[in-house]
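Everything quoted here is computed from the prediction, not taken from an experiment. These values consider heavy atoms only, across backbone and side chains, with no hydrogens, waters or symmetry-generated copies. Proteins come first, then strands; the chains are lettered A, B, ... in the order of their sequence lines, and each starts at number 1.
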There are 2 protein chains.
Amino acid sequence: MKSLTISRLAEAGGVGVETVRYYQRRGLMPTPSRAGSAVRRYSDEDVKRLRFVKSSQISGFTLEQIRELLSLDATANRKRAREIARARIRDLDQKIAAMTRARRALKEMAKLCASGIGRCPIIPAFNQA
Amino acid sequence: MKSLTISRLAEAGGVGVETVRYYQRRGLMPTPSRAGSAVRRYSDEDVKRLRFVKSSQISGFTLEQIRELLSLDATANRKRAREIARARIRDLDQKIAAMTRARRALKEMAKLCASGIGRCPIIPAFNQA
DNA sequence: CTTGACTCCGTACCATGGTACGGAGCGCAT
DNA sequence: ATGCGCTCCGTACCATGGTACGGAGTCAAG
């Protein structure tokens, strides 16, 4: 079960060893007991947890929000869990909407820019999109 | 034309005065000449520029990337402008995809969580989505 | 049983994106 | 003309999310 060293865990999660330690200090990753040995060992569950942290980060969540989401996995308070999930979904919807507008604006700018009429008008493209 | 004080500009852009000054230091906002007076004045164009910075930030661009995008507005190098636009669109697509997956996972978790079977399984929800 | 790689932990340092502070000067209304 | 609030500028400080360093200990292959 717990067979990975920290460097293997980090490798599997696509982060550095120092980053894993940082996540431990922030309460995002466990610090397993040393179980007789002098080194701590990690499981595949820990790899999944680490990957969860990474993908949540790409979605723009702060480490604190990710810590909160992870705490839901083990919570008995379903009401709170659903509230938090709803709040994060709202955040995502707003950001996705902003990015979709930005994407449209960049496309529009590239088109006008290619047409060769005047300059590459990025500010109006955004402020209208 | 240039009639706004810095505090009016900041207000119109929804940021603080110190933030505008910071953007000036970072080359994102102009530092207009004092034109005889002791205070610098800003135009509606500057307000638009400031709003552009703000909305680009929500889309996850760094200030450096935003500075680059702003520089396109005045550039004659259309090829470079289109390349940069394409790069930023790729960034957006990746982030939008990640966020869409995260949204689906949160929805799924909320559903399972509401059903009352077992816990609120957030990690598997993400790692499958 | 040594040697080289890895672990552990504390602490320091870094970049990004601000926010706050403080002194000096200016400008407008009373 | 005087005061209140704003401006200007430099500098300091802050939170977030790492990254680096250094010393002591450990493990495992030769």
Checklist entry - How long is the line joining CD1 of B:I66 and C1' of C:dT16, in whole Å? => result 12 Å
Item to check | Distance, rounded to the nearest Å, where A:F61 contributes CZ and D:dG17 contributes P | outcome: 13 Å
Next on the checklist: Is the phosphate of C:dG18 approached by B:Q57 (side-chain N or O, under 4.0 Å from OP1 or OP2)?
Outcome noted: yes
Next on the checklist: Rounding to an integer number of Å, can you tell me how far B:M29 CE sits from C:dG17 C1'?
Outcome noted: 16 Å
Checklist outcome for this item: Rounded to whole Å, the CG-C1' distance (A:L4 to C:dC8) equals 17 Å
Checklist outcome for this item: Expected list for residues 9-18 of chain B near DNA chain D, using heavy atoms below 4.0 Å, is none
Checklist entry - Do side-chain atoms of A:Q65 reach the backbone of A:T62 as a donor and acceptor pair under 3.5 angstrom? => result yes
Checklist entry - What is the distance, rounded to the nearest whole Å, between atom CZ of B:R34 and atom P of D:dC8? => result 7 Å
Checklist outcome for this item: From CD of B:Q65 across to C1' of C:dT16 the rounded distance in Å is 12 Å
Checklist entry - So does B:R80 have more than 12 non-hydrogen atoms from other groups sitting under 6.0 Å from CZ? => result no
Checklist entry - If you measure from the Lys or Arg side-chain nitrogens to the Asp or Glu carboxylate oxygens, is any gap between A:R67 and A:E64 under 4.0 Å? => result yes
Checklist outcome for this item: The nucleotide from D:dC6, D:dG17, D:dT26 with an atom nearest the side chain of B:S7 is D:dC6
Checklist entry - D:dG18, C:dT7, C:dG17: which one has an atom nearest the side-chain heavy atoms of B:T62? => result C:dG17
Item to check | Distance in angstrom units between A:Q24 CD and D:dG17 C1', rounded | outcome: 16 Å
Next on the checklist: The side chain of A:S37 is closest to which nucleotide in this list: D:dC8, C:dG18, D:dC27?
Outcome noted: D:dC27
Checklist outcome for this item: Looking only at C:dG17, C:dC9, D:dG17, the nucleotide nearest the B:R26 side chain is C:dG17
Item to check | Nucleotide of C:dC8, D:dT7, D:dG18 approaching B:R21 most closely (side-chain heavy atoms) | outcome: D:dT7
Next on the checklist: Are more than 12 heavy atoms, taken from residues, nucleotides or ligands other than A:K111, located less than 6.0 Å from that residue's NZ atom?
Outcome noted: no
Item to check | B:R41 side chain near D:dC8 phosphate (N/O to OP1/OP2, under 4.0 Å) | outcome: no
Checklist entry - Within the pair B:T19 and C:dG17, is there a side-chain N or O less than 4.0 Å away from OP1 or OP2? => result no
Checklist outcome for this item: Comparing B:R25 with A:R8, nearest DNA chain C nucleotide closer to 5' gives the residue A:R8
Checklist entry - Taking B:T75 for the side chain and B:N77 for the main chain, is one N or O donor matched with an acceptor at less than 3.5 Å? => result yes
Next on the checklist: Is any side-chain heavy atom of B:L28 closer than 4.5 Å to one of B:Y22?
Outcome noted: no
Item to check | Non-hydrogen atoms of A:F52 and B:N127 that approach each other most closely | outcome: N-OD1, 4.2 Å
Item to check | Value in whole Å for how far the P atom of D:dA20 lies from OH of A:Y22 | outcome: 15 Å
Next on the checklist: Please determine whether a side-chain nitrogen or oxygen atom of A:R40 lies at a distance below 4.0 Å from atom OP1 or OP2 of C:dC9.
Outcome noted: yes
Next on the checklist: Tell me the closest heavy-atom pair linking A:C113 and B:A81, and the distance in Å.
Outcome noted: SG-CB, 3.8 Å
Checklist entry - Which one, C:dC8, D:dT7, C:dT19, comes nearest to the side chain of B:T5? => result D:dT7
Item to check | Below 4.0 Å: OP1/OP2 of C:dG18 and any side-chain N or O of B:Y23 | outcome: yes
